[in-house]
Visitor: 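This is the structure I have questions about; it appears just below.
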Amino acid sequence: MNHSLAMLIDDDLKSELTLTKSLCEKINSPRSLAIYIMLENSEFESYLDLTIVPDDYLDPQRFAEDYQVSEMLRKSPNLPLMIDREKVAKDAFWASEAQCSDTNRRLSLSNDKRIEVVRRRVEQIVGFLSSSDLKNWEENMRFGPGATTGVKGQRSVPSDKYDEEIHLTYELIPFYRSILGDRWWEHQKNPIIVEGNKFATVPKTAKTDRGICIEPTLNSYAQLGLGKVLRNKLRHAGIDLRSQDKNQYLASIAGREKLATIDLSQASDSISTRCVFELLPPRWLEALDCCRSQKTLIDGKFIELEKFSSMGNGFTFELETLIFYSIVTTIVPKHLWNLTTCYGDDIIVPQQYAREVVDSLNFFGFSVNESKSFLAGNFFESCGTDWFYGQNVRPFYLRGRSGEIPYALQMANALRLWSSRINANHFCDKRFKSCWISLRKQIPKYWCLPGPDILGDSVLLTSKEEARPRVAKHGFEGFAVKSIILSPKKSRKMTTGLLLLALARTGSHKRFSVLSLNFYEPPIMSKGVEIRRGLFGRPRSKTVIVKQWTEGLWWC
């Protein structure tokens, strides 16, 4: 690591510790003072080992404050720990493989009636894989924003995925020509056959990275289309994966309505092959099986997977939601389905059925995360919201510097929103104003543009009284506010891939049969520009119109 990068990380850690200790001083509770001493003495491992028990509190305000200082550094990558986070993620991968192996053996020998009951429920939701479903699958095939085994880093943009050599697994070979169609196939006649996906890690918490698998290019393209079809099936069954609103609302009323919130450990890596083979209808199983990766490259060699799919696969999220929701709705009576929901592994059910749901999830090979599941009591969490006695007490996390936005601005905005949130969004606690002012002084002057939270970190969040915004004129309703705009860098290109991308965005890219294009040697070239992933130009300010200003951001 070069010296300048080391200094940058040290500065970020110093800012994080300064803010955390300042909050501890302002909160001035026994727990916050204990945390202050730990951080002052660099006892970071002891800090991360702390747990907080909601049942020890009666006052939501006091709990929210202790909860904040207990959690805020838990996901910081800057803490100097003697932990190999990548190794921890790999160990978790092997542990999930062992768990899936046990599940595969057990389910293959089981005659438990729950298998047939859940299988019928899955069939009710997804139905028969009809020709209409296949057409929808084809129409929704697409490239995601991330890397594939063939396109990495800043080159993981759609046009490059059309241009670069296509990677696909053996199982997808029979469908290669059909997926590409005539025109794209003319551009990609010689694909590269790979054995499977590739294990990688991304930051998760201070103690561990998150294991993901990078898929082959064409497999990912087909997986995302199939995932969209599953989303549509789930939406018709009452699960809309476009929004987390239902989960968040039910979590907010869980105490009053006697609901339980359930979270699973390593859910995406725990979908065993036998579980999917037992529960999915045959035609659906064939479709999912042909475009998944059956092997993973890890530690320099390919291994045969015990899991059906992993995080990184384009349909894993939809598949796990389908399985979990099917399990849950075979236990919870239909008249209570309005109080039942799943968003991935965020599950909410009435409390009287929670134990049976947990038992059934365990039977199908899934492990409940005891520290994040709440089957009774007054604290519940789901989809990024934490509720204590019906009040949102979600803390903010310091996750390190990200992007081009000044870190001090991100921390200042997070602090102000939290300070309002723990007061039911009525006002910001003035005890924390000095912490906010200290952060504001660290922000470059041209970034200190006051604005409402609807504009995110493009402004410094303030109350309307502080900002004194101009009322919009010339027929516009609302307020005229200056915000920072980060324009992504673009590159001028002349490639066939960019032409194919342009055609894809018109909806004519699957077969290109409606187009009277002839591919010559050299191929038809498209001259245009494309956004470069993750690269931005100089920040500039721009006046935007906001219809209303966030309430509850004034200090009191």
Side-chain angles (χ1 to χ4, degrees), residues 1-28 31-48 50 64-83 85 203-207 394-422 428-451 453 456-462 484 486 536 539 553 555:
M1 183 180 298
N2 62 54
H3 179 70
S4 60
L5 181 57
M7 289 298 294
L8 178 64
I9 293 177
D10 289 344
D11 287 343
D12 287 349
L13 178 59
K14 182 178 178 181
S15 297
E16 292 174 350
L17 293 177
T18 299
L19 175 58
T20 306
K21 289 189 289 186
S22 296
L23 289 184
C24 287
E25 290 180 310
K26 302 300 181 183
I27 291 169
N28 195 30
R31 186 181 186 89
S32 68
L33 295 179
I35 290 174
Y36 182 96
I37 294 172
M38 287 181 185
L39 299 180
E40 186 71 12
N41 293 302
S42 301
E43 297 173 4
F44 302 122
E45 289 84 357
S46 299
Y47 168 79
L48 294 174
L50 285 175
E65 292 171 357
D66 281 354
Y67 189 32
Q68 174 61 55
V69 292
S70 299
E71 292 289 311
M72 63 190 300
L73 290 173
R74 199 166 296 277
K75 298 184 180 182
S76 171
N78 298 321
L79 291 181
L81 305 175
M82 300 301 293
I83 297 175
R85 291 194 290 262
K204 181 181 179 182
T205 69
K207 284 188 171 184
R394 178 71 173 182
F396 65 91
Y397 292 88
L398 300 179
R399 303 173 187 266
R401 184 183 299 269
S402 62
E404 306 295 319
I405 300 171
Y407 194 23
L409 174 63
Q410 296 173 323
M411 290 192 287
N413 286 346
L415 170 62
R416 191 141 189 178
L417 285 176
W418 171 78
S419 180
S420 176
R421 183 163 60 244
I422 63 172
C428 295
D429 194 321
K430 64 182 179 181
R431 286 180 298 162
F432 309 117
K433 184 177 181 179
S434 60
C435 301
W436 180 83
I437 291 175
S438 177
L439 289 169
R440 187 187 63 185
K441 291 178 180 178
Q442 301 174 38
I443 304 170
K445 187 174 181 180
Y446 61 88
W447 277 92
C448 289
L449 300 176
D453 70 339
D457 290 332
S458 66
V459 295
L460 177 65
L461 304 190
T462 58
I484 293 293
L486 283 173
F536 298 90
L553 288 179
W555 298 104

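One is the number of the first residue; the rest follow in order along the sequence. Small disclaimer: the values here were computed from a predicted structure and weren't measured. In what follows, every heavy atom counts, from backbone to side chain, and hydrogens, waters and symmetry copies are set aside.
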Visitor: Of all heavy-atom pairs between Leu486 and Ile405, which one has the smallest distance, and what is that distance?
Guide: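 So the two residues come closest at CD1-CG1, 4.2 Å.
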Visitor: Decide yes or no on side chain to side chain contact (heavy atoms under 4.5 Å, CB included) for Leu33 and Glu25, but give the supporting numbers first.
Guide: CA-CA 7 Å; Leu33 295 179; Glu25 290 180 310; 5.8 Å; no
Visitor: Give me the atom names and distance for the closest heavy-atom approach of Tyr407 to Gly400.
Guide: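 Heavy atoms of Tyr407 and Gly400 come nearest at OH-N, 3.0 Å.
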Visitor: Can you tell me how far apart CD (Gln410) and CD1 (Ile443) are? Round to the nearest 0.5 Å.
Guide: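 Result: 10.0 Å between the selected atoms.
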Visitor: Which atom pair, heavy atoms only, marks the closest approach of Gly456 to Asn413?
Guide: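 Closest approach of Gly456 to Asn413: O-ND2, 3.9 Å.
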Visitor: Quick one: which residue pairs count as a side chain to side chain donor-acceptor pair (under 3.5 Å) with a foot in residues 431-449, not counting sequence neighbours?
Guide: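 Applying side chain to side chain donor-acceptor pair (under 3.5 Å) to every pair that reaches into residues 431-449, excluding sequence neighbours, yields Lys26-Ser434, Glu65-Arg431, Asp429-Arg431.
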Visitor: Output all residues satisfying side-chain contact (heavy atoms from CB on, under 4.5 Å) with Ile83, sequence neighbours left out; order by chain, then residue number.
Guide: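 Once residues adjacent in sequence are excluded, the partners of Ile83 under the side-chain contact (heavy atoms from CB on, under 4.5 Å) criterion are Leu81, Arg85, Val88, Lys207.
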Visitor: Test of understanding: with salt bridge (charged side-chain N to carboxylate O under 4.0 Å, His left out), list the residues that count as partners of Glu40, not counting sequence neighbours.
Guide: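 For Glu40, the residues satisfying salt bridge (charged side-chain N to carboxylate O under 4.0 Å, His left out) (neighbours in sequence not counted) are Lys21.
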Visitor: Given the rule in the side chain to side chain contact (heavy atoms under 4.5 Å, CB included) test, do Asp457 and Ile484 qualify, once you have shown the distances and angles that lead to the verdict?
Guide: CA-CA 9 Å; Asp457 290 332; Ile484 293 293; over 6 Å; no
Visitor: Please report the interatomic distance OG1(Thr20) to CG(Leu398), rounded to the nearest 0.5 Å.
Guide: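 Answer rounded to 0.5 Å: 5.5 Å.
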Visitor: Enumerate the side chain to side chain donor-acceptor pair (under 3.5 Å) contacts for residues 67-77, please, sequence neighbours excluded, ordered by first and then second residue.
Guide: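 Every side chain to side chain donor-acceptor pair (under 3.5 Å) pair that includes a residue of residues 67-77, provided the two are not neighbours, is Glu16-Ser76, Arg31-Ser70, Tyr67-Asp386, Gln68-Trp418, Glu71-Arg74, Glu71-Tyr397.
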Visitor: Please identify each residue that fulfils side-chain contact (heavy atoms from CB on, under 4.5 Å) with Ser42, with sequence neighbours left out.
Guide: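 For Ser42, the residues satisfying side-chain contact (heavy atoms from CB on, under 4.5 Å) (neighbours in sequence not counted) are Phe44.
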Visitor: Looking at residues at least two apart in the chain, or sitting in another chain, which of them share a side chain to side chain donor-acceptor pair (under 3.5 Å) with Asp66?
Guide: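 With neighbours one apart ignored, the set is Ser29, Tyr57.
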Visitor: Would you mind reporting whether Ile27 and Phe432 have side-chain heavy atoms less than 4.5 Å apart?
Guide: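 Result yes, sub-4.5 Å side-chain heavy-atom pair found.
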Visitor: If the condition is side-chain contact (heavy atoms from CB on, under 4.5 Å), which residues does Ala34 pass it with, not counting sequence neighbours?
Guide: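 Once residues adjacent in sequence are excluded, Ala34 has no partner under the side-chain contact (heavy atoms from CB on, under 4.5 Å) criterion.
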Visitor: Taking the side chain as every heavy atom from C-beta outward, state whether Pro450 and Val459 have any pair of such atoms under 4.5 Å apart.
Guide: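 No - every pair of side-chain heavy atoms lies 4.5 Å or more apart.
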Visitor: Say you draw a straight line from CG of Leu50 to CD of Glu43; how long is it, rounded to the nearest 0.5 Å?
Guide: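 Leu50 CG to Glu43 CD: 10.0 Å, rounded to 0.5 Å.
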Visitor: Using the test side-chain contact (heavy atoms from CB on, under 4.5 Å), find all partners of Leu417 that sit at least two apart in sequence or belong to another chain.
Guide: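 With neighbours one apart ignored, the set is Arg421, Asp453, Leu461, Leu553.
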Visitor: Can you see which heavy atom on Leu73 is nearest to which on Tyr47, and at what distance?
Guide: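 It is N-OH, 3.3 Å.
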Visitor: Between Cys435 and Leu19, which heavy-atom pair has the shortest distance, and what is it?
Guide: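 Smallest interatomic distance, heavy atoms only, reads CB-CD1, 4.2 Å.
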Visitor: Any side-chain heavy atom of Cys428 sitting closer than 4.5 Å to one from Arg416?
Guide: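 A side-chain contact exists here, since the closest heavy-atom pair is under 4.5 Å.
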Visitor: Applying the side chain to side chain contact (heavy atoms under 4.5 Å, CB included) test to Leu439, which of Leu415, Leu409, Thr18 qualifies?
Guide: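 The side chain to side chain contact (heavy atoms under 4.5 Å, CB included) with Leu439 is passed solely by Leu415 among Leu415, Leu409, Thr18.
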